[in-house]
Student: 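This is the structure I have questions about; it appears just below.
Chain A is the first sequence line, chain B the second, and so forth, proteins listed ahead of strands; every chain is numbered from 1. This structure is a prediction, so every number in the text was calculated from the model and none was measured.
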Amino acid sequence: MRTLLLVTLSVLVLSAIGFALGPYQTDVYRKLLLWVALALSYNFLFGVAGQVAFSHFTFYGIGAYAMPILLFQAGLPLPVAVVVALVVVILVALAVAIPATRLDGFYLALATLALAQLFIVVLNEGGEVTGGTGGLTNYRLPDIAGVALSGPRYTVVIVLVVVFTWFALQRVDRSFFGRACRAVRDNPQAAAAVGIDIARTKVMAYVLTSALAAVAGMVYAFVDNTVNPPIFGLENTFLLLFMVIIGGSGSLPGAVIGAVLLYLLPFVLAPLIGHHHALVFGLVMVAAVLLQPRGLIGVIESLTARWKRR
Amino acid sequence: MTPPATSPDRLRPISAATPSTVSDATRAAPPLLQVRRLTRHFGGLIAVSDLDFDLQRSEILALIGPNGAGKSTTFNMIAGTLAPSAGEILLEGESVGTYPPHRLAALGVMRTFQHNCLFPGMSLRENVLTGMHGALQRPLWKVMLALRAQREAEARAWQYADELLEFVGLADQRDQPVATLSFGQGRLLETARALAGRPKLILFDEPAAGLTPSECERMALILRQIARQGTGVLLIEHDMPFLLPLADQVVVLNFGQCIARGTADEIRADPEVIEAYLGSRHGAADPAKNIPASTGSANVHPPSADSVDNRPAVASTVSGATSGAADA
Ligand SMILES: Nc1ncnc2c1ncn2[C@@H]1O[C@H](COP(=O)(O)OP(=O)(O)O)[C@@H](O)[C@H]1O
Ligand SMILES: [Mg+2]
């Protein structure tokens with residue numbers, strides 16, 4: 001009941017912001033929301049399950065490309081396209097996770113790096129289907145039940161995806177499964193002794209978070225109404241990693257703080273110091289990692305703890 | 001230290017079976033644990049050779065022997081972390097020798113570790129909750145939708161975790177991180193975590209090692225309570241004064257072979273055991289002097305309808321035995 005209230009309230013507030021913004025701000029706002037959704041699920045994979053994987057943007061990309069391909073090349077109706085895309089994503093995630101998680105964590109990093117590179121090659125070499133280096137353009141979301149979901153109305157769709165991602169992951173994190181993921185991350189031997197199937201837990205965490213990334217990708221497909229290869233490369237994957245680390249890995253609010261800060265930082269810094277913002281960015285990153293391994297959420301928590309003690 | 005504040009009634013949910021179902025089941029069912037010609041090689045070394053023993057429900061079996069005798073190897077085979085080279089392990093008649101640890105845990109075999117093996121990033125309560133993994137497991141979509149059944153199961157689990165923390169005497173620290181615990185408290189927390197799985201068989205690797213005398217007392221009480229509620233207890237232990245009053249059955253290993261087996265009294269009197277293990281370990285002229293007399297063990301076995309009142313007496317007996325060892 002309380003959750004329902006919180007869900008409704010956050011959807012209303014976040015959507016209201018969407019209705020108040022101009023076209024340029026709307027674009028920034030929507031992408032910010034998508035970064036938050038990605039950081040939330042990557043935070044679970046990296047921070048809670050402790051899996052060092054570089055495939056999160058690949059699944060975002062698979063989701064994004066799947067929409068125009070399935071809707072306009074395969075001619076599927078929207079609900080069917082969504083289901084097919086999810087099935088494909090789950091199969092790809094299983095194909096990566098089942099062999100990789102049986103080995104040492106290092107192999108997951110290697111396997112997911114390989115997957116990320118392979119995906120870019122497939123996008124570039126995909127001919128008609130993927131549109132090659134130019135990607136796919138000139139499509140738009142079909143009307144749903146006669147309603148055109150554009151402008152602020154589409155922002156509401158993105159808000160729903162972000163809010164769903166937050167609450168779903170919060171639930172999972174606080175359940176037996178979140179504890180199992182942390183147990184496997186911290187002490188696999190003890191985890192097995194209490195009855196946790198390590199391989200199964202790792203595979204489930206990977207598939208779940210990859211599917212959530214893909215859902216964000218499906219929504220992204222109609223933000224720019226174009227998808228092209230560079231967006232889904234490793235550069236953004238590393239930015240995502242930094243968002244999670246700087247915000248505080250393993251913490252949902254930390255992931256939000258990290259995503260908001262790192263996504264908006266260039267917008268603030270670029271007018272002030274021009275191209276040097278990348279340098280400042282890098283220094284902030286190094287300082288954050290060295291000074292507070294628990295990230296900004298760690299800083300906030302220790303400050304509030306001190307304040308309470310007063 | 002105060003004895004456990006909980007009454008026996010409140011502890012009843014700790015065992016998988018209530019006392020009445022235990023007595024019904026034991027009539028027909030095979031023994032809880034049967035170990036048959038169990039053998040393990042490491043290259044040319046025979047760590048455990050042709051070991052046989054049975055463990056019944058409600059029974060405490062101690063595995064003793066000098067260092068390198070094969071105790072941990074035996075233990076690890078039963079817990080599923082080491083595959084037997086030959087022989088069989090039967091749990092309630094089911095051959096489980098090849099099962100991985102998580103599967104054995106799901107069947108009701110829980111363990112503690114010789115060196116504490118806790119989850120450092122979690123609170124005490126969360127550590128105990130991990131022990132209930134099997135009972136709480138369900139499809140993730142149900143978790144995401146937060147169905148009522150899911151929320152209720154989680155709430156019950158929290159309550160049970162708190163009861164178990166109270167049982168081992170750590171209730172007031174349940175929200176603290178594990179890092180704040182002493183070694184002995186960590187051992188008690190591991191015990192609560194193992195109990196959370198409602199085990200049929202529970203394995204302890206040197207439960208008394210590194211504990212303060214008062215923690216030892218509490219551990220002895222806990223082990224006895226666990227057994228009384230129908231769970232089989234298998235323990236490796238070096239501390240004879242701790243162990244002998246507790247064990248119903250003792251199996252003595254030396255170089256991987258079982259050299260003696262019997263009740264605590266029989267083992268205490270066995271010249272071969274004194275020669276091979278007890279004598280050499282304690283190095284005393286009369287090793288039997290280090291071992292509490294059997295009158296002591298009669299005192300520490302309270303009747304099953306034990307009330308809270310006679311527990312301090314139990315505790316002082318154990319404490320006397322422990323400090324006796326320190327004097328020797
Ligand atoms: N993983 C292993 N590899 C090789 N030898 C081992 C291994 N584990 C135990 N051993 C050997 O097996 C014998 C029994 O060891 P162990 O079961 O640990 O004895 P205990 O627990 O009774 O002290 C010892 O000789 C030990 O060196
Ligand atoms: Mg050992």
Student: More than 12 heavy atoms of other residues, nucleotides or ligands under 6.0 Å from CD of B:Gln159: is that the case?
Tutor: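 For B:Gln159, atom CD is not crowded (no more than 12 foreign heavy atoms under 6.0 Å).
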Student: Do A:Ile196 and B:His102 come within less than 4.5 Å of each other through their side chains, counting heavy atoms only?
Tutor: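 When only atoms from C-beta onward are counted, B:His102 and A:Ile196 do not touch, as no gap falls below 4.5 Å.
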Student: Under 4.5 Å from any heavy atom of chain A, what part of B:Leu145 do you find: side chain, backbone, both or neither?
Tutor: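 For B:Leu145, the backbone is the part near chain A, not the side chain.
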Student: Is A:Leu169 close to chain B through its backbone or its side chain, or both, or neither, when contacts mean heavy atoms under 4.5 Å?
Tutor: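 Neither the backbone nor the side chain of A:Leu169 comes within 4.5 Å of chain B.
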Student: Please identify, among B:Gln150, B:Arg138, B:Glu190, B:Arg103, the residue contributing the most non-hydrogen atom pairs under 4.5 Å to chain A.
Tutor: B:Arg138
Student: Count the heavy-atom pairs under 4.5 Å between each of B:Thr112, B:Val109, B:Leu136 and chain A, then report the option with the highest count.
Tutor: B:Leu136
Student: Measuring heavy-atom distances to chain A, does B:Leu107 have an atom under 4.5 Å in its side chain, in its backbone, in both, or in neither?
Tutor: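 For B:Leu107, there is no contact with chain A at all, as no heavy atom is under 4.5 Å.
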Student: Measuring from atom OG of A:Ser175 to atom CD of B:Gln137, what distance do you get when rounded to the nearest 0.5 angstrom?
Tutor: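 The OG atom of A:Ser175 sits 10.5 Å away from the CD atom of B:Gln137.
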Student: Is B:Thr130 close to A:Phe176 at the side-chain level, that is, under 4.5 Å between some pair of heavy atoms?
Tutor: no
Student: When you look at CZ of A:Phe242, are more than 12 heavy atoms from neighbouring residues, nucleotides or ligands closer to it than 6.0 Å?
Tutor: no
Student: Taking side chain as everything from C-beta outward and backbone as N, CA, C, O, which of these in B:Glu154 sits under 4.5 Å from a heavy atom of chain A? Side chain, backbone, both or neither.
Tutor: side chain
Student: Is it true that atom OH of A:Tyr107 has more than 12 heavy atoms of other residues, nucleotides or ligands lying nearer than 6.0 Å?
Tutor: no
Student: Side-chain contact, heavy-atom cut-off 4.5 Å: A:Phe177 with B:Leu140?
Tutor: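 Of all side-chain heavy-atom pairs linking B:Leu140 with A:Phe177, at least one is under 4.5 Å.
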Student: Suppose a student defines contact as a heavy atom less than 4.5 Å from any heavy atom of chain B. Which residues in residues 179-195 of chain A would they list?
Tutor: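 So far as heavy atoms go, A:Arg179, A:Ala180, A:Arg182, A:Ala183, A:Asp186, A:Asn187, A:Gln189, A:Ala190, A:Ala191, A:Ala192, A:Ala193, A:Val194, A:Gly195 are the residues that approach chain B to under 4.5 Å.
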Student: Looking only at heavy atoms, what is the nearest atom pair of B:Met144 and A:Phe164, with distance?
Tutor: SD-CZ, 4.3 Å
